[in-house]
Every structure is written in C-alpha cells, then in structure tokens.
Amino acid sequence: MSHATTTVDRPRGDVLIGAAAAAGFAPSILNTQPWRWRLEPGRLQLFAERSRQLTVTDPQGRQLMISCGAALHHARTALAAAGWTAHVTRLPDTRQPDLLATLTVADPIAATEVAGRLARAIPARHTDRRPVSDQPLPAASVDAIAAAARAHSRLHIFTPDQALALASAAGRAAAVQADDPRVRAELAHWTGTAAPPGAGLPAEVLPEHPAQTTVPGRDFGRGGTLPIGTGHDKTAVYALLFGDADEPANWLRTGEALSAAWLTATTLGVSVVPLSHVIEVLPARLTLRRLINGLGSPHLVLRLGVADPEHPGYVHTPRLAATPTTDSSAE
Ligand SMILES: Cc1cc2nc3c(=O)[nH]c(=O)nc-3n(C[C@H](O)[C@H](O)[C@H](O)COP(=O)(O)O)c2cc1C
C-alpha cells in the first residue's frame, strides 16, 4: 500500500537546499565530488567542478560527468520524497559547457512510499570493496536494479563467459595503470593527505590487500585498513552501463542510471561496486564494446552482489560541504 503525503508548505528554497545536501552523498570517481550547485529563485543549477577532475585517468571527463549525473539523480530523488516534481534541463547552454543541468521546482506531488524508500537509501548507500558473500543474488533483485538503470540509460548484464573476458580486460587495464607513474601519482593524491579535506579515499575504505577475485578491482596503489577476509566474487553479477554515444550528454544520463540502480540496490540489500579502470584504458574499453557487439559506448562496469554479512561495520567516506552558492556568495 502506498502512503501519500504532501509537504507543500515547505518554502521552495529550503527544499532545494535540502536537495543539494542530499546530492552531496552521491558516489563519485575517487570521491572527488566534481560538482557544485548554484541556488536561484525556484531552481538549482548543477555545474561541473573542473578543479577536481582527474586529468590523467579521466581527461575526457567521462567519469566526472557520470559522477555529476549521480548527484543530479540524488537531488531529484530528494525532491520527489519531499513532495515536489522538478523539471530538468540537461546541458541547457552550449556557451557554458560546465553548466550541466537546471533543476526547477514545479508542482507539489504526493510523495510515495517508494520515493521515501529511495531517499532514505541516500545516506545509507556506500561502496563496499570487500568480496561479496557466498549468497547468490536473487534474480528479482537483478531485474529491479536493471529496470531502475534502464529508466535512464542502457545496461547490459554480462553472461558468465563474458565476465571472464571482462576479468581479463580488467586485469590488463590494472597492469597498464600500475605501470604509469602519472596514474600512480594521481591515485596517491586522492588516497593520501594531499586530497582536499572531505574528499578522496581514506585508508578505512580501501582493502588491506587485493582480493582474490576473478575480476580484479581497481589497484589503488596502496593498501588500506579494510579487512577483506578470504571471500571471492563467484556469486557476483557484473553489468555494464553504456550509452548510445561517448558524449557528455550520454555520460550524464549514465550517472543518473547509476544512482537509480544503486539506490534501488541499497533498498534490496545489494552491494554495488563501480569499476572504472577498465573503462579508462582504451584497449580494455574496446574489449567491452565488442562484448556488447558494438551496440553502444561502454561507460561504467558494476559489480553487484550480496554484501558479506561477517563484517557489517563500515566507515562512510567523508564529504565536502554541500551548500549551494547564491548570487551573493563567493563562487
Ligand atoms: C563514476 C564512478 C567511478 C567509480 N569507480 C570506482 C572504481 O573503479 N573502483 C572503486 O572501488 N570505486 C569506484 N567508485 C566508487 C567511488 O570511489 C565512491 O563512490 C566514492 O569514493 C564515495 O564513496 P561512497 O560510494 O562509499 O559514498 C566509482 C564511483 C563513480 C561514481
């Protein structure tokens, strides 16, 4: 049964500030949080924050745009749960390529139970880099996560054979990056004390050593303090978020799909780990493109699985302040 409530009495500015705060919890490449929000009467503008773009591993800004798309979807989810519809205009001004979207509050709506559940998943969602548990992923959960993603972009679930090809591409991509001193320096920046306070990855969320999984995760170049046990990824399901093209507009949509899929997964107790190193290295990306028969451009790989219940405690990755700027505040 759906319990509908409206919160029409809340001033729109407060609601928009709340939406920007919720967007602050969004996942982002190396926790760079490469976005900023500007508050205007009745609307929010989302900008790419290029000062936090990964210039070595993400020179095109693909992972940056996906991260910003996730933030946009988080904001919309928070608005829906607060009882508001919003009109979204993506990339509204060709003269301002870093203005990614405008989110205008429209009409009050009945906030549904589903919207509330997704909004409650926002602060709970996190990246759990431990191996998944031995518990198989229910097919109904995979279907629900895929449907959530496909409402925004395209998603392919790899067959077990394709997952082996993915494993080999991911292994090669990890080796290429480990050999590149510029990549190592960029990773060291975002996993060390040089990262801006509230951004980057603390040791607590990085595995203490590489897990014995078929598909290797990103090599962060340093061990963390996250105990990972002896688990594997035998029960994991791997998926690919992809788009019609390899352009900013497609990447933004993929980020929205990532958020929709991940929030849905969180409500179902399913862990999601994005794997982007296999996208960042061109030959590996081309392998993925062949796996989907050239039907689109690969944007992000996802590992889905039931989280290992043996270590329920988890440290959340910190965040930057998520206050939007206004005309009167410094930009
Ligand atoms: C576009 C994108 C790419 C990502 N790539 C990886 C990755 O390759 N490996 C990984 O362990 N996490 C990856 N992540 C997860 C981020 O590191 C994570 O979202 C961020 O550190 C914030 O932590 P949280 O998700 O626990 O809130 C990625 C996230 C996004 C949005």
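Each ligand, and each atom within it, is numbered from 1 in the order the structure gives. Below, each value reflects all heavy atoms present in this structure, side chains not excepted, and no hydrogens, waters or symmetry copies.
Distances below 4.0 Å separate heavy atoms of Q63 from the following atoms of ligand 1: 1 (C), 2 (C), 3 (C). The ligand atoms of ligand 1 that sit less than 4.0 angstrom from a heavy atom of L275 are 8 (O). Short contacts between ligand 1 and F220, defined as distances under 4.0 Å to a heavy atom of the residue, involve ligand atoms 10 (C), 11 (O).
Within the 4.0 Å heavy-atom criterion, both parts of T127, backbone and side chain, lie near ligand 1. Under 4.0 Å from ligand 1, the heavy atoms of I66 that appear belong solely to its side chain. By the criterion of a heavy-atom distance under 4.0 Å, the side chain of L201, and not its backbone, is placed next to ligand 1. Residue contacts with ligand 1, taken as heavy atom pairs separated by less than 4.0 Å, do not involve W251 at all.
Residue contact annotation: L258 has a non-hydrogen atom under 4.0 Å from ligand 1. The closest approach between a heavy atom of H316 and any atom of ligand 1 is not below 4.0 Å. The shortest heavy-atom distance from A70 to ligand 1 is not under 4.0 Å.
Looking at D233 and T214, their side chains do bring a donor and an acceptor atom within 3.5 Å of each other. S276 and R218 share a side-chain donor-acceptor pair at under 3.5 Å. With no hydrogens or angles considered, no side-chain donor-acceptor pair links Q53 and T55 at under 3.5 Å.
Remark: ligand 1 and R125 share an N or O pair separated by less than 3.5 Å (distance only, no angle test). The distance criterion of under 3.5 Å between nitrogen or oxygen atoms is not met by S67 with respect to ligand 1.
In the candidate list G69, S28, G255, S28 is nearest to atom 31 (C) of ligand 1, counting heavy atoms.
Side chains of V205 and T127 form no contact here, defined as non-hydrogen atoms less than 4.5 Å apart. Residues L64 and L54 fail the side-chain proximity criterion, which asks for heavy atoms closer than 4.5 Å.
Hydrophobic cluster membership is shared by L103 and L258, with clusters built from Ile, Leu, Val, Met, Phe, Trp and Tyr side chains linked at under 4.5 angstrom.
Closest to atom 23 (O) of ligand 1, if we only count protein heavy atoms, is T317 OG1, 3.4 Å. Counting only heavy atoms of the protein, atom 27 (O) of ligand 1 lies nearest to R319 NH2, 2.6 Å. Of the protein's heavy atoms, R129 NH2, 2.9 Å lies nearest to atom 17 (O) of ligand 1. The protein atom (non-hydrogen) at minimum distance from atom 5 (N) of ligand 1 is S276 OG, 2.7 Å. Atom 7 (C) of ligand 1 has as its closest protein heavy atom P274 O, 3.0 Å.
A donor-acceptor pair under 3.5 Å links the side-chain atoms of H299 to the main chain of A245, judged by distance alone.
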Verify side-chain hydrogen bond (donor to acceptor under 3.5 Å, both in side chains) between N31 and Q33, making sure each step is shown before the conclusion.
-> CA-CA 5 Å; N31 198 28; Q33 303 157 66; 3.1 Å; yes
Start with the C-alpha gap between E40 and R38, add the side-chain angles, then the distance that decides, and say whether salt bridge (Lys or Arg N to Asp or Glu O under 4.0 Å) holds.
-> CA-CA 7 Å; E40 297 203 326; R38 182 188 169 91; 3.3 Å; yes
Take T104 and H87, measure what side-chain hydrogen bond (donor to acceptor under 3.5 Å, both in side chains) needs, and give me the verdict at the end.
-> CA-CA 5 Å; T104 308; H87 288 313; over 6 Å; no
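Under the 4.0 Å criterion applied to side-chain N and carboxylate O atoms, R62 and D246 are assigned as salt-bridge partners.
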